Amino acid sequence: MAARVGIVMGSDSDWPKIQGVAAALDEFGVEYEARVMSAHRTPDAVREYASGAVERGLQVIVAAAGGAAHLAGVIAAHTTLPVIGIPVVTEFMGGLDSLLSTVQMPGDVPVAAVAAGAGGPRNAGLLAVQILALSDPALAARLVEFKRQLAEKVAAKNASFQATLGR
């Protein structure tokens with residue numbers, strides 16, 4: 001099956017921090033490809049990847065980078081696909097630098113951004129699934145079930161908590 005989502009990271013050392021995106025896509029059976037490339041060190045490779053993404057069948061691109069974190073914006077400049085940026089947590093400023101770089105795109109170059117930290121990669125994967133589900137009824141049905149199960153888990157936790165209160 002062809003990849004529908006592209007995951008691009010600025011360094012292979014980012015993979016352990018962002019594997020949640022792949023895990024979320026796997027959970028919903030969404031095929032993806034993953035690449036390492038740098039907006040600053042391999043700009044031609046980034047341009048080629050982004051500009052050829054539609055022809056390769058990709059429908060969403062998730063870009064993860066730390067520090068200056070220009071990868072998502074550079075990709076967005078070279079494609080019409082939705083781009084989701086994951087700001088990778090760094091030692092400097094705890095990832096705030098990455099977050100600010102990811103969300104401060106100029107007008108007309110949209111990049112959706114998720115949180116820096118543990119929840120961000122999973123949310124990037126889930127957001128990609130939600131985008132794909134707009135044109136995929138089977139995927140949309142799986143999302144509805146996922147949301148139902150989330151609600152059940154919270155209700156069960158609340159019932160358990162209420163029991164500890166004696167109510």
Side-chain angles (χ1 to χ4, degrees), residues 1-136 139-140 143 146:
M1 196 176 272
R4 297 172 71 186
V5 177
I7 303 171
V8 183
M9 66 207 94
S11 171
D12 62 342
S13 65
D14 294 336
W15 186 246
K17 298 176 186 177
I18 68 155
Q19 282 182 332
V21 65
L25 294 171
D26 285 340
E27 186 177 330
F28 285 89
V30 173
E31 293 293 323
Y32 62 88
E33 61 185 30
R35 303 283 187 275
V36 175
M37 56 188 72
S38 167
H40 304 106
R41 294 179 187 96
T42 60
D44 291 339
V46 172
R47 178 185 43 75
E48 289 174 26
Y49 180 85
S51 63
V54 172
E55 290 79 21
R56 287 193 318 280
L58 295 183
Q59 295 172 296
V60 180
I61 299 176
V62 177
H70 293 135
L71 186 57
V74 171
I75 288 173
H78 293 289
T79 188
T80 57
L81 295 176
V83 176
I84 303 167
I86 301 175
V88 175
V89 174
T90 61
E91 292 179 20
F92 180 69
M93 299 177 67
L96 180 60
D97 54 337
S98 307
L99 176 64
L100 294 174
S101 295
T102 303
V103 300
Q104 293 186 30
M105 291 297 107
D108 300 325
V109 186
V111 169
V114 295
R122 178 161 176 79
N123 283 345
L126 292 173
L127 181 55
V129 169
Q130 289 176 321
I131 291 167
L132 296 172
L134 292 171
S135 62
D136 183 333
L139 196 53
L143 268 172
F146 170 75

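Remember, it's a predicted structure, so these values are computed and weren't measured experimentally.
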Inset, instruction - Could you grab the distance from atom CE of M105 to atom NE2 of H70, nearest 0.5 Å is fine? - result: 6.5 Å
Legend entry - Pairwise distance CD1(I86) to CD1(I7) - rounded to 0.5 angstrom: 7.5 Å
Inset, instruction - Let me see the working for V129 and L25 under side-chain contact (heavy atoms from CB on, under 4.5 Å), right down to the final yes or no. - result: CA-CA 7 Å; V129 169; L25 294 171; 3.9 Å; yes
Legend entry - Main-chain N/O of I75 paired to T79 side chain as donor or acceptor, under 3.5 Å: no
Inset, instruction - Test V5 against every option in I61, L58, L132 by the side chain to side chain contact (heavy atoms under 4.5 Å, CB included) rule and name the one that passes. - result: L132
Legend entry - Heavy-atom pair of closest approach, residues S51 and E55: O-OE1, 3.2 Å
Inset, instruction - Report the distance from atom OG of S11 to atom CZ of R41, rounding to the nearest 0.5 Å. - result: 8.0 Å
Legend entry - Donor-acceptor under 3.5 Å (S98 side chain, P87 main chain): no
Inset, instruction - Taking all heavy atoms of G117 and all of P121, pick out the closest pair and write down the distance. - result: O-CD, 3.0 Å
Inset, instruction - Would you give the length of the straight line joining atom CD of E31 to atom CG of D26, rounded to the nearest 0.5 angstrom? - result: 8.0 Å
Legend entry - Minimum heavy-atom distance between A76 and P110, given as atom pair plus value: CB-O, 3.7 Å
Legend entry - Flag side-chain contact, heavy atom, 4.5 Å: Q59 against I131: no
Legend entry - Where I84 and A128 come nearest, the two heavy atoms and their spacing: CD1-N, 3.7 Å
Legend entry - Least distance between heavy atoms, T102 atom then A69 atom: OG1-CB, 3.8 Å
Inset, instruction - Would you check if L139 and R4 make a side-chain contact, meaning some heavy-atom pair closer than 4.5 Å? - result: yes
Legend entry - Distance (rounded to the nearest 0.5 Å) between M9 CE and L71 CG: 10.0 Å
Legend entry - Nearest non-hydrogen partners of A72 and G85, listed with the distance: CB-CA, 4.0 Å
Inset, instruction - Find the distance between CD (Q19) and CG (D14) and round it off to the nearest 0.5 Å. - result: 11.5 Å
Inset, instruction - Just do the side-chain contact (heavy atoms from CB on, under 4.5 Å) check on H78 and Y49 with the steps written out, would you? - result: CA-CA 9 Å; H78 293 289; Y49 180 85; over 6 Å; no
Legend entry - Heavy-atom check, side chain of F28 versus side chain of L143, under 4.5 Å: yes
Legend entry - Residue pair V62 / Y32, side-chain heavy-atom distance below 4.5 Å: no
